[in-house]
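The block underneath contains the structure these notes are about, expressed in structure tokens.
Throughout, residue positions are numbered sequentially from 1 according to the sequence presented. Not measured: the values here are computed from a predicted model.
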Amino acid sequence: MLGFAALGAVLCGACSDAEHKPGATLAQIDAGCKQYCGKASECNKSIRPDACEKRCQNRLNRCRADEQADTVTDLQSCAADKCGDFAVCAIGAGLECTFGL
């Protein structure tokens, strides 16, 4: 029992780190990908929203947790752009997830 208490204290201490930034929730990832893929499909008729959403979700789930929330926000922002600006914005969001830029 004492070992479990010690482990719990260590884990709680690790979670309270000021540098720790939680990832996005599944609902946030789903919503961000849906908005992004809707716009991607609007800008490029060859993109199927369902396939795009699955690919987007898979990529975001592989993204570092501390970059997920920012990337979801960026994807939602891209969805509000005009098609001419959309591609550049989407590339930036991908770099945010992959490299933390």
Interatomic distance, CG@D50 vs NZ@K34, rounded to 0.5 Å, equals 7.5 Å
Correct closest heavy-atom pair for C52 and Y36 would be SG-CE2, 4.0 Å
Self-check item: Exam field: side chain K39 to backbone C78, donor-acceptor pair closer than 3.5 Å
Solution: no
Donor-acceptor pair, distance only, cut-off 3.5 Å: does the side chain of T73 make one with the backbone of A69?
yes
#### Entry: R64 backbone acceptor or donor facing E67 side chain under 3.5 Å
no
Close side-chain approach of D30 to Q57, heavy-atom, < 4.5 Å: yes
When rounded to the nearest 0.5 Å, the distance separating OG of S77 from CD of Q35 is 10.0 Å
CZ of R48 to CZ of R55, rounded to nearest 0.5 Å, is 8.5 Å
Here the pair of heavy atoms bringing G32 nearest to V72 is CA-CG1, 4.1 Å
- Task: Would you confirm whether S41, through its side chain, and I47, through its main-chain N or O, come within 3.5 Å as a donor-acceptor pair?
- Result: yes
dist R59:CZ -> I29:CD1 (nearest 0.5 Å) comes out at 14.0 Å
Check the SG atoms of C37 against those of C56: under 2.5 Å or not? no
